[in-house]
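Data first, discussion second: the structure below is written as structure tokens.
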Amino acid sequence: MNRSAAVVATGRYLPERLVSNDELRTELAATGQADSVERFEASSGIRQRYRAAPGQVTSDLAVAAAQQALARAGWRADELDLIILGTDTPDRITPATSVIVQAKLGAHPAGTLDIGCACASFPTALATATGLMATNPALRRILVIGAYMMQRLADPADPMVFFYGDGAGAALLAPTDGDGIITSAFHADGRYADHWDIAAGGTAEPASHDAVAAGRTRVQVHRRYPPAINAEGWPLVMRRLARQGGFTPSAIDQAIFTQINAASIREACQTLGIPPQRAPALMDRYGYTGSACLPIALDHLIENGLTGPGDLVTLVGSGVGYNMAGVALRLEECASR
């Protein structure tokens, strides 16, 4: 039985269109919301984001990231055993977007499943893939993807579009006798479920003319989360990873957190005693890409030689729900440069 799974290649995809804060400020000026850009920029560190072309959908972003990872690993899509897609912006409510990705990739023998816990989706998917691989020797090549296109589900006049960037990141996993993915940790608090949501379109409230007219089929923030929810929650998950994995936070070479707020990342690092240079804050470059931000950041670090074989890396994601998940892994040789 294989003890763990190793990341053997990664990939990322950002759409062609780059939207700067200045352009967004102009877009929101028509509704008198331009000042929100300055305020959000100061608090988050986001300077720009990417937007998908009108004809692109979430599965297209996922496929592009997957194709890069497959090319780097030298794998064919039809060699995959399983595809796990993490997203809360699916192409459709049903079927699962992962089956659409499978068809577009030409990975027809592979099984598929979706994981939908917002920004916690990618580490949850990694942990799921590792557990499946450890208990099923027939699973030897698994593709894990995080993809996000929330801006397509938002009202363009809503100032929260500032935070919605499009993109996807992917990782290929294979069995290893080394450390690979060491451990995982999870935390949630469903008391926040009504704070940030798409209220209509599911079984609680099927889509209707009234729901569309009231904006309930679009993503909306109804109430703010407590300001410190990430700065306190990320250390909680990190300490669980450290305790379960038998390491100290100071031993982590790269601590990758949800890329939504640079100040929260700095605060979490201070709490944990992690030097800030070991916790990338790439939102100024890529914006906030939800379910995709952790794999995009991981691929960026590997591609640019900022992390590599032997490094201890953690990925901790948090998002609407409220959902949190984290994994700790030891990188092996990774074909992403």
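On a predicted model such as this, the values are computed, not experimentally measured, just so you know.
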What I want to check is whether the side chains of [X] and [Y] have a donor and an acceptor closer together than 3.5 Å.
{"X": "Ser318", "Y": "Trp234", "result": "yes"}
{"X": "Asn21", "Y": "Gln48", "result": "no"}
{"X": "Thr176", "Y": "Glu332", "result": "yes"}
{"X": "Tyr286", "Y": "His300", "result": "yes"}
{"X": "His222", "Y": "Asp197", "result": "yes"}
{"X": "Asn230", "Y": "Tyr322", "result": "yes"}

What is the distance from atom [atom1] of [X] to atom [atom2] of [Y], rounded to the nearest 0.5 Å?
{"X": "Glu79", "Y": "Arg141", "atom1": "CD", "atom2": "CZ", "value": "4.5 Å"}
{"X": "Arg51", "Y": "Glu16", "atom1": "CZ", "atom2": "CD", "value": "15.5 Å"}
{"X": "Leu298", "Y": "Glu303", "atom1": "CG", "atom2": "CD", "value": "11.5 Å"}
{"X": "Asp179", "Y": "Phe247", "atom1": "CG", "atom2": "CZ", "value": "10.5 Å"}
{"X": "Ile274", "Y": "Ile252", "atom1": "CD1", "atom2": "CD1", "value": "4.0 Å"}
{"X": "Leu331", "Y": "Gln254", "atom1": "CG", "atom2": "CD", "value": "9.5 Å"}

Compare every heavy atom of [Y] with every heavy atom of [X], then report the nearest pair and how far apart it is.
{"X": "Asp253", "Y": "Gly310", "result": "OD2-O, 4.4 Å"}
{"X": "Ser4", "Y": "Ile181", "result": "OG-O, 2.8 Å"}
{"X": "Ala325", "Y": "Val237", "result": "C-CG1, 4.3 Å"}
{"X": "Ser98", "Y": "Thr112", "result": "OG-OG1, 3.2 Å"}
{"X": "Ala268", "Y": "Phe257", "result": "CB-CZ, 4.4 Å"}
{"X": "Glu38", "Y": "Arg25", "result": "OE1-NH2, 3.9 Å"}

Intermediate values then yes/no, side chain to side chain contact (heavy atoms under 4.5 Å, CB included), Met283 and Asn261: CA-CA 8 Å; Met283 63 283 295; Asn261 188 295; 5.8 Å; no
Quick one: does [X]'s side chain get under 4.5 Å of [Y]'s, heavy atoms only?
{"X": "Thr58", "Y": "Met150", "result": "no"}
{"X": "Val327", "Y": "Thr183", "result": "no"}
{"X": "Ile83", "Y": "Ile142", "result": "no"}
{"X": "Val219", "Y": "Val320", "result": "no"}
{"X": "Asp60", "Y": "Val63", "result": "no"}
{"X": "Thr289", "Y": "Tyr164", "result": "no"}
{"X": "Leu28", "Y": "Ser36", "result": "yes"}
{"X": "Cys119", "Y": "Leu294", "result": "no"}

Just by modelled atom types, is the [Y] backbone N or O under 3.5 Å from a matching donor or acceptor in the [X] side chain?
{"X": "Asp114", "Y": "Thr97", "result": "yes"}
{"X": "Arg140", "Y": "Ala174", "result": "no"}
{"X": "Ser121", "Y": "Gly86", "result": "no"}
{"X": "Arg278", "Y": "Ser250", "result": "yes"}
{"X": "Thr26", "Y": "Asp22", "result": "yes"}
{"X": "Asn304", "Y": "Leu306", "result": "no"}
{"X": "Gln259", "Y": "Ala297", "result": "no"}

Stepwise side chain to side chain contact (heavy atoms under 4.5 Å, CB included) test for Met160 and Asp155: CA-CA 9 Å; Met160 292 301 292; Asp155 183 340; over 6 Å; no
Does [atom1] belonging to [X] count more than 12 external heavy atoms closer than 6.0 Å?
{"X": "Glu23", "atom1": "CD", "answer": "yes"}
{"X": "Arg17", "atom1": "CZ", "answer": "yes"}
{"X": "Arg191", "atom1": "CZ", "answer": "no"}
{"X": "Leu18", "atom1": "CG", "answer": "yes"}

Steps toward side chain to side chain contact (heavy atoms under 4.5 Å, CB included) verdict (Ile296, Arg12): CA-CA 5 Å; Ile296 287 173; Arg12 69 183 184 274; 4.0 Å; yes
Carboxylate-amine/guanidinium proximity below 4.0 Å for Asp284 and Arg49: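 Salt bridge between Asp284 and Arg49, a charged N being under 4.0 Å from a carboxylate O: no.
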Is [X] linked to [Y] within one hydrophobic cluster, defined over Ile, Leu, Val, Met, Phe, Trp and Tyr using a side-chain heavy-atom separation of less than 4.5 Å?
{"X": "Val161", "Y": "Ile260", "answer": "yes"}
{"X": "Leu113", "Y": "Ile100", "answer": "no"}
{"X": "Phe186", "Y": "Ile256", "answer": "no"}
{"X": "Ile198", "Y": "Val221", "answer": "yes"}
{"X": "Met238", "Y": "Leu301", "answer": "no"}

Pair Tyr148 + Tyr288: ring centers closer than 6.0 Å: yes
Ring centers of Phe163, Phe40 separated by less than 6.0 Å: yes
Side chain to side chain contact (heavy atoms under 4.5 Å, CB included) evaluation trace for Val7 with Leu172: CA-CA 6 Å; Val7 174; Leu172 295 172; over 6 Å; no
Qualifying residue for side chain to side chain contact (heavy atoms under 4.5 Å, CB included) with Ser59, from Thr87, Asp91, Leu85: Asp91
